[in-house]
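Residue numbers begin at 1 in each chain, while the letters A, B, ... track the order of the sequences.
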Number of protein chains: 2
Amino acid sequence: MRHNRGDVLVRAHQLVSRYGLGALTMRRLGAELGVQPSAIYHHFANKQTLLAAVAEEILRQGSRARTCERDDWTGRLREVCSELRDAMLACTDGADVVATVWAFGMGAQAPAAELEDVLRDAGLDDGLALVGSRTLLHYVFGHAFEEQTAIQAVAAGAVERDLASLPDFWTGLDVVIDGLRARLP
Amino acid sequence: MRHNRGDVLVRAHQLVSRYGLGALTMRRLGAELGVQPSAIYHHFANKQTLLAAVAEEILRQGSRARTCERDDWTGRLREVCSELRDAMLACTDGADVVATVWAFGMGAQAPAAELEDVLRDAGLDDGLALVGSRTLLHYVFGHAFEEQTAIQAVAAGAVERDLASLPDFWTGLDVVIDGLRARLP
DNA sequence: ACCTGAACACCGTTCAAGT
DNA sequence: ACCTGAACACCGTTCAAGT
């Protein structure tokens with residue numbers, strides 16, 4: 001009945017994935033593990049740190065092998081953005097978790113760094129690669145957050161919103177990519 | 001010592017603006033007004049509704065007159081996005097509040113609708129106007145959220161992050177606008 | 001190393017009752 | 001119309017003490 005950091009993280013991720021971010025409380029997680037809430041603090045300094053680890057776990061579980069050629073920079077951008085999006089959508093409140101952790105500078109740095117690399121490979125200077133990677137990231141986070149919230153609200157019967165009226169992910173992504181293409185030297 | 005809905009809203013906004021979203025609790029707001037926490041429920045159905053009203057107040061306080069010509073669609077897009085961004089940045093945790101309320105479909109519809117109108121005026125069809133307005137909105141929310149979080153974290157001495165390394169708002173905005181321009185018929 | 005048990009200082013919300 | 005007072009069912013976090 002003794003746990004290590006990995007056990008606790010898996011349970012925390014499971015709780016978020018099944019029941020949403022609201023279910024991730026130190027008390028409930030403790031109960032799930034059969035320990036006192038205070039026992040969690042032996043593995044994670046605080047809830048913020050735990051949440052950052054959950055975000056990394058969401059990304060880890062959604063990670064895929066790359067298939068695009070090195071010179072196909074638009075394909076590589078789409079591959080990274082799509083992987084990120086799918087990873088978040090695969091977990092209840094996943095977009096909320098990952099975007100929040102990112103905004104507070106606590107994690108999810110890998111996709112940002114990869115997008116930046118692809119844009120530099122494509123020929124953009126450092127400044128534009130930074131701006132471009134952030135613009136893509138904000139787009140993916142915003143779209144996924146909105147889509148996931150709408151889907152979950154409808155599934156919970158909380159709202160009558162029409163899911164078909166959500167803006168298409170790929171069209172918006174291509175808008176941003178086209179704007180970046182126009183800046184290639 | 002009796003209050004109406006407007007009084008309560010002004011105090012709630014003040015609390016967020018001065019001390020951040022964490023300071024907006026029903027109990028603290030009640031204390032601020034000199035009433036029991038339960039008294040708030042006579043003016044707002046729940047905290048969610050109150051938060052949506054605070055978001056609208058943030059946007060209302062930041063609203064400005066339009067100056068661009070009707071046919072200068074890129075200028076109009078920049079004007080709307082800039083107003084939205086400035087309104088959010090003017091209030092502690094403003095980006096968090098407005099983006100959250102938006103994502104949950106509880107408000108902040110006005111900027112989205114205005115962006116959509118501008119894009120339709122520019123000649124985009126309804127589908128692209130929807131996609132475009134959302135892409136711009138996600139960009140503005142994401143950028144403002146990240147910028148504000150970084151600024152506040154540095155101001156609070158919580159982190160040593162370099163604010164100069166934040167991506168420039170206008171450059172990213174122009175990337176999206178260029179992508180939209182490429183789709184004009 | 002990992003956990004208990006108790007405490008501290010909080011939350012949002014409901015509801016009968018008051019003026 | 002607006003509010004009180006009390007209650008219910010929760011929170012995150014700390015800390016001395018246990019094995």
* Within a reach of under 6.0 Å around CD of E32(B), are more than 12 heavy atoms found that belong to other residues, nucleotides or ligands? ->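 Enclosed.
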* Over 12 non-hydrogen atoms of neighbours within 6.0 angstrom of CD in Q109(A) ->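 Enclosed.
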* Determine, step by step, whether E116(A) and R120(A) satisfy the salt bridge (charged side-chain N to carboxylate O under 4.0 Å, His left out) criterion, reporting the C-alpha distance in whole Å, the side-chain angles of both residues, the deciding distance to 0.1 Å, and the verdict. => CA-CA 6 Å; E116(A) 230 177 305; R120(A) 262 193 301 257; 3.6 Å; yes
* dC3(D) and dA16(C): how far apart are their C1' atoms, nearest whole angstrom? ->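 My reading of the C1' atoms in dC3(D) and dA16(C) gives 13 Å.
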* To do: For dC10(C) and dA9(D), measure between their C1' atoms and round to the nearest Å.
  =>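 After rounding to an integer number of Å, I get 14 Å for this pair.
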* **Flag side-chain contact, heavy atom, 4.5 Å: I40(B) against L33(B)** =>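 In short, these two side chains touch, coming nearer than 4.5 Å.
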* Base-contact (B) and sugar-phosphate-only (S) positions in nucleotides 9-19 of chain C, heavy-atom cut-off under 4.0 Å, - elsewhere -> --BBBBB---B
* Asked: Between Y139(B) and F169(B), does the ring centre distance come in under 6.0 Å?
  ->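 Yes.
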* Considering only NZ, NE, NH1 and NH2 on the basic side and carboxylate oxygens on the acidic side, decide whether E83(A) and R66(A) come within less than 4.0 Å. =>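 Salt bridge flag = yes for R66(A) with E83(A).
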* Asked: Stems in DNA chain D: runs of 3 or more consecutive Watson-Crick or G-U pairs, distances under 3.5 Å?
  ->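 Ordered by first number, the stems with DNA chain D (at least 3 consecutive pairs each) read C:4-8 with D:12-16, C:12-16 with D:4-8.
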Rounded off to whole Å, could you give me the [atom1]-to-[atom2] distance for the [X] and [N] pair?
X      : N      : atom1 : atom2 : result
H42(B) : dC2(D) : NE2   : P     : 6 Å
H3(A)  : dC3(C) : NE2   : C1'   : 11 Å
H43(B) : dA1(D) : NE2   : C1'   : 9 Å
Q36(B) : dA6(D) : CD    : P     : 9 Å

* side-chain hydrogen bond (donor to acceptor under 3.5 Å, both in side chains) between Q152(B) and T92(B): does it pass, once the steps are laid out? -> CA-CA 8 Å; Q152(B) 290 175 184; T92(B) 309; 4.7 Å; no
* **Summary of ring-ring contact (aromatic ring centres under 6.0 Å, His included) pairs that have at least one residue in residues 113-137 of chain B, sequence neighbours excluded** =>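 Residue pairs with at least one partner in residues 113-137 of chain B: there are none.
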